[in-house]
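Right, one structure below, let's go through it.
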Amino acid sequence: MKIATWNVNSLTVRLPQVLDWLAAQASAGAPVEVLALQELKLSDDKFPAAAFEQAGYHAVWHGQKTYNGVALLARSPFNAVQRNLPGFEDEQARLIAATLGADDTQGSEGGASAPALRVVGAYFPNGQALGSDKFAYKLRWLEALRAWLADEMRRHPRLLLLGDFNITFDDADVWDPEGLRESIHCSSVERAQLQALLALGLHDAHRLFAQPPKSYTWWDYRQLGFQKNRGLRIDHILLSDALRPLATACQIDRSPRKNPQPSDHAPLWVQLQGL
DNA sequence: ATGGCCCGTAATACGGGA
């Protein structure tokens, strides 16, 4: 089962590319079972549910005009949809979680159905600059995410957290580690929060496998950033302990970044077996 | 030395992204 994430930077603009990419994966023999999308930049009433349904995907979404907005697509229906972090007052649409397979939130045990998979798609705050109000919001949001996720993982042992984290793990994720040292997305404060998520029992799917050097998921539109591979690895897929042994591959797909009018982010996917 | 792109909203600029 292939599970992917992609920050599309406006679903209005990028919808044809998303549909093309899904169709290309399917015709290559490895259809995408689940896709998390970020930065929809559209209100709920503008979400192109019919287009995705036509392509064979169920969808759940949490939209917002102009900014943010997240969605999950899957070839089977979702249960137990959660929008944003419970108890964290937030005008910004940044998180959507849902269950695939039998709804495991009602305490039902066993049964003939396959174990449920809990999918958490997130668009982490950017933070703009250290010390700014937006950075303080980023840290508050990260703490609320960690607290909620600790509980969520107890309820759902088979859990993925994927999306645009807006944080690099370490200098290997940064095209210019010296020039960007302690700047936004690269600061030790942010990285400590990312490690705190791993400490809950999550694993960076990308690093479970050998990867090309200088593997990034985002490149600035300016200064030929993509052509010069001046990028950051800020989009991630984290797997819970129970899912880690099922992973057989994880790759960044740079090809959509070469499209005309591309998103500045590339999609990233993980292959899980035995689900 | 500086900013150089793209998006949406609004308006022929600006905030935000990263």
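Note on naming: letters A, B, ... go to the chains in the order of the sequence lines (proteins, then strands), and numbering restarts at 1 for each one.
The nearest whole Å value for the distance from the CD1 atom in I234(A) to the C1' atom in dG17(B) is 10 Å. As a whole-Å value, the separation of R233(A) CZ from dA18(B) P is 16 Å. Separating the CD1 atom of I184(A) from the P atom of dG16(B) is a distance of 14 Å, rounded to the nearest angstrom. We find that CD of Q64(A) is positioned 12 Å from P of dG16(B), with the value rounded to whole Å. Across the protein-nucleic acid pair, D164(A) atom CG and dG17(B) atom P stand 11 Å apart, rounded to whole Å.
Taking the P atom of each, dT2(B) and dT12(B) are spaced 29 Å apart, rounded to whole Å. Taking atom P in both dA18(B) and dC7(B), the straight-line distance is 14 Å, to the nearest Å. Spacing between dG4(B) and dA10(B) at atom P, rounded to whole Å, works out to 23 Å. Comparing the same atom, C1', in dA1(B) and in dC6(B) gives a spacing of 24 Å after rounding to whole Å. Distance check on atom P: dC5(B) versus dA11(B) gives 23 Å, rounded to whole Å. For the C1' atoms, the distance from dG3(B) to dT9(B) is 23 Å, rounded to whole Å.
The salt bridge (charged side-chain N to carboxylate O under 4.0 Å, His left out) test with D170(A) is passed by exactly one of R191(A), R233(A), R181(A), R207(A): R207(A).
Remark: F78(A) engages no residue in a ring pair (Phe, Tyr, Trp, His ring centres under 6.0 Å) (not counting sequence neighbours).
At the phosphate of dG17(B), neither OP1 nor OP2 sits under 4.0 Å from any side-chain N or O atom of H185(A). In this model, the phosphate group of dG16(B) is not approached by any side-chain N or O of Y137(A) to a distance below 4.0 Å at OP1 or OP2.
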Worksheet item: Going through the checks in order, is the side chain to side chain contact (heavy atoms under 4.5 Å, CB included) test met by L180(A) and W175(A)?
Response: CA-CA 9 Å; L180(A) 295 173; W175(A) 72 276; 3.8 Å; yes
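For the residue pair R14(A) and V8(A), the shortest heavy atom distance occurs at NE-O, 2.8 Å.
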Discussion item. Base contacts versus sugar-phosphate-only contacts with protein, heavy atoms under 4.0 Å: please encode nucleotides 2-9 of chain B as B, S and - from 5' to 3'.
Written reply: --BBSSSS
Between side-chain atoms of residues 266-275 of chain A and protein atoms elsewhere (two or more places apart, or another chain), which donor-acceptor pairs fall under 3.5 Å?
none

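Using a 4.0 Å heavy-atom distance criterion, F226(A) is classed as making no nucleic acid contact. The residue N7(A) sits close only to the backbone: its heavy atoms come under 4.0 Å of sugar-phosphate atoms, none of a base. Here D235(A) lies out of heavy-atom contact (under 4.0 Å) with every strand.
Note on E143(A) versus R140(A): no salt bridge recorded, every NZ/NE/NH1/NH2 to OD/OE distance being 4.0 Å or above.
Donor-acceptor pairing under 3.5 Å, judged by distance alone, is present between the side chain of N126(A) and the base of dA18(B).
D264(A) places no side-chain N or O within donor-acceptor distance of the main-chain N or O of W219(A), the cut-off being under 3.5 Å.
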